[in-house]
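One structure below.
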Amino acid sequence: MGDLIQIVVAKYNYWIYITLMMIGLYAMIAKNNLVKKIVGMNIFQTAIILFYVSTGAKRGATIPILEHGHGEHGAGAHVVHAVDYINPLPHVLMLTAIVVAVATLGVALALAIRVYNRYDTLEEDEILAKIREK
Amino acid sequence: MSQQYPALLVIVPLLSALVISAAGWINKRLCFPIAVAALGVAAYSSIGLLLRVLDEGAIVYRLGGWDPPMGIAYYVDHLNGLVLAVVSVVAFLNLIASKKSIELELPDKTAPFYALYVLQVTGLLGIVATGDAFNLYVLLEITALSGYAMLAMGKDRAQLSTLNYLYMGTIGACFYLLGVGYLYIVTGSLNMVDIANILPSLYESKAVLGAFIICLVGVWVKMAFFPLHAWLPNAYTHGPSAASSLIAPLVTKVMIYVMIRLILTVFTPEFAFNILAISKPIVWLACIAIFMGAILALAERNLKKMLTYIIVAEVGYMVGGAWLGNRAGMTGAILHIVNDALMTLCAFLVVSNIAYKLKGYAFDDIKGLVRKMPFTMGALVIGALSIIGVPPTCGFFSKWYLISGAIQASQYAFMVALLFSSLVNVVLFFRVIEICYYEPFSDDGAHGHGPPSEPMAEAPLTMLVPLFIVAAGLVLVGIYTGDIVNKIIEFAIPQGIV
Amino acid sequence: MKIIGLIIALSTGVLLICATGDFPRWADPASPASTHLSPHFIEKTMEETSVPNIVTAVLADYRGYDTMYETAVIFTAGLACFILLRIFVKEEPGDRLYRHLLTGVTVRVKEGTKLPPSEDFERIDATWTPPDLIIKTICRFLIPFIQLFALYVIAHGHHSPGGGFQGGVILGASIILLAISQDLRTSVRRMREKLDAVLCAVGVIIYAGTGALCLLLGLNFLDYSALASVLHCDPVTARSHGILIVEIGVGIAVMCTMIWIYNNVSSIGKYDEGL
Amino acid sequence: MIWQLDLAILTLVVIAGIAAITVKDLLGAAILFGAYSFMMCLLWSIMGAVDVSFTEASVGAGVSTVFFVAAVFRTTRRTRD
Amino acid sequence: METMISIKPLLAVLVSLLITPILVSSRAPNVREAWTFVAAVAKFLIVLSMLPTIMKGTEIVYTVAEFLPGAAIKFRVDALGMLFALVSSSLWIITSAYSIGYMRGLKEHSQTRYFVFFAFALSATVGVAFSANLLTMYLFYEMLSLATYPLVTHHQDHEARSSGRKYLLYIVGTSIGLALPAMLISYNLAGTLEFGKQGFLAGTASKPLIGLLLFMFLFGFAKAAIMPFHSWLPAAMVAPTPVSALLHAVAVVKVGVFSVVRVLTGVFGTDLLFSLDFGPVILLVASATILIGSFIALSQDGLKRLLAYSTIAQLSYIVLGVGLLSPKGITGGMVHIAMHAFGKITLFFCAGAIFVATGKKNISEMVGIGRRMPVTMAAFFIASLSIIGMPPCGGFVSKWYLVLGSLEAHQMPILYVLLFSSLLNAAYFMPIVYRAFFCRPEEAMFENTVQEAPPFCVVPLVITAVISVILLFYPQPFFNLASMMVQQITGT
């Protein structure tokens, strides 16, 4: 029991991200409304970003901006220890991922609007019904 | 300059895509020449790159001058050298062929369409060339987004089916990203070769297994591997002909390439074939994919949609071949990437010629079409023979390798599936041929007796010439299969696989 | 469908949970992620690029190639929204409404006839609603400061959180705020569609062009140290400057794309009054 | 970092996410999604990912929400689930 | 066994392909047919020019492209191939003359397509004859199947199309479904596909697997019309008569049976078949086909359908001969390829001539036709004698050798089968001839207006009839080739 709690506490970020991802995935597959699916999609992507950021976290370290860096780069002489700073790589990747997410969002919304203009509804089953009766 | 081929290959299309979209606001007629020039350069440098690889083996190009794994690097070996050449050449031919149909179908949106087209090609080339797992994801998204935009420009239910494609595509890409994340957290690296070097100590770890499965599923969604294929047929069918004739041949094949790259380079064959015992189930899945694709294709009364289902079946070929786990199967899969790209291009160019001249491409619309467009139909026959797998067209030889791989792996179900789909293809295409050749074009023509009444109205030359080039390519590739296999694919497969 | 969705989601979750079992403890300094590559970035960034903000350095230099494509992705999205939504409608015949800015009286102009050329009339639609005075004024007052802050974010990305993306987004948001607080016509008058679209491309071209310039100067693509000969400084500073240049490019591209997407989405491509 | 705060925000994130996909009004969903993104960016700033949270604050909570709202205004608020 | 490298085989295959563009482009029928003749003669001469070399016991080899070790696009001309190539190329000349007469006589539509695909079919046939390995043979086999599809469906009406479907389903279905996997399996077993003197499968696989392969090959080449894969042949009779004549007397069915012979001798090898004693199996299948085919032929009224079933029966003689696994039997089988070809094509020509002249297709309507078309029916009589295997016709030679072979192999039942089937042949041929000539004038169904068919139709059938008589007294060319081949195979 104790070590179970240990595990839960030690990795709770991961549990939460998995929960969020399941929520998003469920919304994308099971929801009937196109915009709801898009919301789910964004939750899904954000969950993955959360996962990456969690991988980058480091206990007892500070944000990845060098302290003595201000001023000219002669300050590079100051010796820098890796343990003092959070791992920057996941942050970089996730900046990209966020931008990709918003790009996808834009395209998805544009498509949803086109669909709405055509079928005058956002509910998938109603759209399919309209297509069938055509 | 040849040192910079890997960069040129991707950068020239990117820059020119931007220039096109800007130039579109000044003068629409500038766009097409720029696009042709860009893709021409890309094709030239990809072929040059392939030749260099053949001479001096794998090439590493350090982007930003940083050594991998710090920076991002391009690894170009025989495998992606070949695929790069195919992708760029196919895109180039299709661009020339599609000019007229683009102008017909999207009169006021030509400029952004060309820009998206070139962006798509950029993304595909980048995916194939890159040696960095995360970079691959970004390029995947470029390809996906431009593809959605192009496909959604089609007629009736194009937008809806593209939206579904978008959902599925995003799921696939995100799964891939997640898998890369899992790899990153256990290895701490993103560079494929670097990961491959670190992994052997971690083969037992559940995280690596999870990463592998997630990546695989993501890629499968992207390549429409049964049962994740549901999005493909509608999306490809309703898109504009220019878009579908670019995306249908290339995107699925490039995703197959990604899968093979994951197997061969990232998670070494040792891990994929020996440590995990999942190759048999996957081959079974591939068999089901082939069967289902063939059967669903039989049910179609619409040429283009029938072809999309054939693509689903072909994906089954390649996945199964890659997962047979022996040299012959892998050779067949890689060879089939080349052949299937050409075959699909041929078939879809035929469809776009038909769409350019006729109102539709359902079976009822193409009755007796041969009198109207004989040359197009001739090309269709060649493409059909190749898809069926009749020697000496190239389709036969890749099927040859796949089947002998199946025999060596004693996966007879896969062999049966391949033969079955060949038979079904015979039925499919001879049905089409019968309709095109023997049905009276108009109902008054009494069973085509007497002189043909229909005046010939063939597609313009700019659409025919590329089609003929592709059709001839089908036969040439078939004849030179030996060289392709012995000079390129032999070296693309690591010695570990026997 | 719901059942299938639930099953898929749960199975994925189970798979991921199993896979999570072998993870290193959360935030463990000894985890491979923090020991394999990142130490090099953290310790070498300063002397290799002289950029204190490691994220910016890695983003725009070590992995600058990624970032270029991420800008291209944004650009692609803008282009996609444009091609999907924009409708080039002819000025449909019929009466047009104009509004006199000073008095607020609405003038209906019959078809064919023209309005005397004067600055204090603005074109409006039938659905036009008068913008709320307070919101309008406050936004007008705020927007310059927002933009100033955005510029700061871009320029100071070397030393503090922020950079091209954030700054670009904020710049775009300022224009979008204008469009929301008044109407789309106003913001489009500030930022013409053509200019906007061309700037999108230009932004990315700045980025890729810098890389290509390095290539022309004889080093690999995006190897900023090649700029040293142009900027007359040592390679390390050249890298720092190169980062600044591309960040500016990113900023421009992102700003314009955000505006582009917003304009197309909010007016379904008709470029009328928007929301 | 203060783990209680971290935990609280994590729970809030989940709640916001679930609410966003269950609320029977698309505009509400858009706003809740904005809230979700904002929680997210708080979370990341707690974890020290300042740039990411900055981007999320501007992109996710800001522009994305605006896009959502614009799209909803242009289509409909009606949703059956 | 010395070999020489020469491009002649390739030329022989290509010559009829090369003229197809001319055929397509030429608008004037005369030009078109002139070119067809040129190609036919050229092909025949090329084949003939290789004859002396072969007779000297030399083999001519030419490799086009190699895409796998042991599996190349490669030609090799040996005695058997030579025999077959001689038959088909010589008959092409005659048939093209005949088809000119026939097609013009009936004013058929789209004759260009007809001649073009005819040329294709001939290339494929010679290609099969000269192929040096299974792959090449399969290639040309498929090419032939696809090239003959438009000929079979020439009339384009519903019947033609449905039987075309049947044709394609049987031929391509079996070749893809059975022959192709069999080929691949044997390649993976032996690592080569080159036809060997004693096959290449010996000692590579267990008996059951060999048996499976034998089954797949035997039925995989469905063109050989071995039952139960025979029913495409009667269906394909909807084609114009010259097509039936060439394809079902010469090209298609002979290609099928030739492939079977090739496979039995060149892939399995007689010794292997003998040691595993698969001979009886082959004999069983073949004799079943012979008897059933003949019985069905008895009940047919349509002349062409009757000929089709008789073809089915006769083809199995060849398989039977090889199945005997005795030198004389194999010789008889191979010679029968030639003999049956000349006899059967004459019969088809006659059927076509009758159709051109009178428009009659059924035997019951042909009472007294001999009076009006004496030449035709005389030729018919001779040819049917040849098929039955009675002197003074070539058919006798092959039948004789088959009988000897069955004695040599101590297969008494086969002897009875042969004799009985000959009786059956007589039983379905003779009544026709009888009705044609010996009927009372008032029964005659033809008034005096009916004349012989145009010379273009009659001359060829006379020639072939004469040849099939000559072949009794001078069978040397084919006979020597066959016995050479047998020597190479059995080494005796």
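Below, chain A is the first sequence line, B the second, and so on; all start at residue 1. This structure is a prediction, so every number in the text was calculated from the model and none was measured.
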Quiz prompt | salt bridge (Lys or Arg N to Asp or Glu O under 4.0 Å): pairs with one or both residues in residues 204-221 of chain B, sequence neighbours excluded | solution = B/K206-C/D22
Find the one option among [options] whose heavy-atom pairs under 4.5 Å with chain C are most numerous.
{"options": "B/A7, B/A22, B/S21", "value": "B/S21"}
{"options": "B/S205, B/A17, B/A144", "value": "B/S205"}
{"options": "B/I198, B/L116, B/L145", "value": "B/L116"}
{"options": "B/G210, B/G188, B/G64", "value": "B/G64"}
{"options": "B/G71, B/P112, B/A149", "value": "B/P112"}
{"options": "B/L209, B/V12, B/T187", "value": "B/T187"}

If you round to the nearest 0.5 Å, how far is [atom2] of [Y] from [atom1] of [X]?
{"X": "C/I87", "Y": "B/K109", "atom1": "CD1", "atom2": "NZ", "answer": "8.0 Å"}
{"X": "B/L18", "Y": "C/F75", "atom1": "CG", "atom2": "CZ", "answer": "5.0 Å"}
{"X": "B/W66", "Y": "C/R239", "atom1": "CH2", "atom2": "CZ", "answer": "4.0 Å"}
{"X": "C/M68", "Y": "B/I11", "atom1": "CE", "atom2": "CD1", "answer": "4.0 Å"}
{"X": "C/E70", "Y": "B/L139", "atom1": "CD", "atom2": "CG", "answer": "11.5 Å"}
{"X": "C/D61", "Y": "B/M70", "atom1": "CG", "atom2": "CE", "answer": "13.0 Å"}

Atom group of [X] that falls short of 4.5 Å from chain B, counting heavy atoms:
{"X": "C/S225", "answer": "neither"}
{"X": "C/L37", "answer": "both"}
{"X": "C/L199", "answer": "neither"}
{"X": "C/Y69", "answer": "both"}

Exercise. Count the heavy-atom pairs under 4.5 Å between each of C/V198, C/V58, C/I205 and chain B, then report the option with the highest count.
Key: C/I205
Exercise. For chain B, find which of C/T76, C/L16, C/I83, C/V73 contributes the most heavy-atom pairs closer than 4.5 angstrom.
Key: C/I83
Quiz prompt | Aromatic plane relationship, B/Y74 with C/Y65 - under 30° parallel, 30 to 60° tilted, over 60° perpendicular | solution = perpendicular
Quiz item: Between B/A115 and C/L79, what is the shortest heavy-atom contact and its length?
Solution: CB-CD2, 3.5 Å
Quiz prompt | Contact summary for B/L15 and C/A208, nearest pair of heavy atoms | solution = CD2-CB, 3.7 Å
Which portion of [X] sits near chain C, non-hydrogen atoms under 4.5 angstrom:
{"X": "B/L119", "result": "side chain"}
{"X": "B/L202", "result": "neither"}
{"X": "B/V208", "result": "neither"}

Practice problem: Taking the side chain as every heavy atom from C-beta outward, state whether C/N220 and B/L63 have any pair of such atoms under 4.5 Å apart. | Solution: no
Quiz item: Hey, does B/D108 have a side-chain heavy atom less than 4.5 Å from the side chain of C/R86?
Solution: no
Self-check item: Flag if over 12 foreign heavy atoms under 6.0 Å of NZ, C/K2
Solution: yes
Practice problem: Pull out the residues in residues 188-197 of chain C that come under 4.5 Å of chain B, heavy atom to heavy atom, sorted by number. | Solution: C/E193, C/K194, C/A197
Quiz item: Using non-hydrogen atoms and a limit below 4.5 Å, what part of residues 126-138 of chain B faces chain C?
Solution: B/D132, B/F134, B/N135, B/V138
Quiz item: Using a heavy-atom distance cut-off of less than 4.5 Å, which residues of residues 164-182 of chain B contact chain C?
Solution: B/F175, B/L178, B/Y182
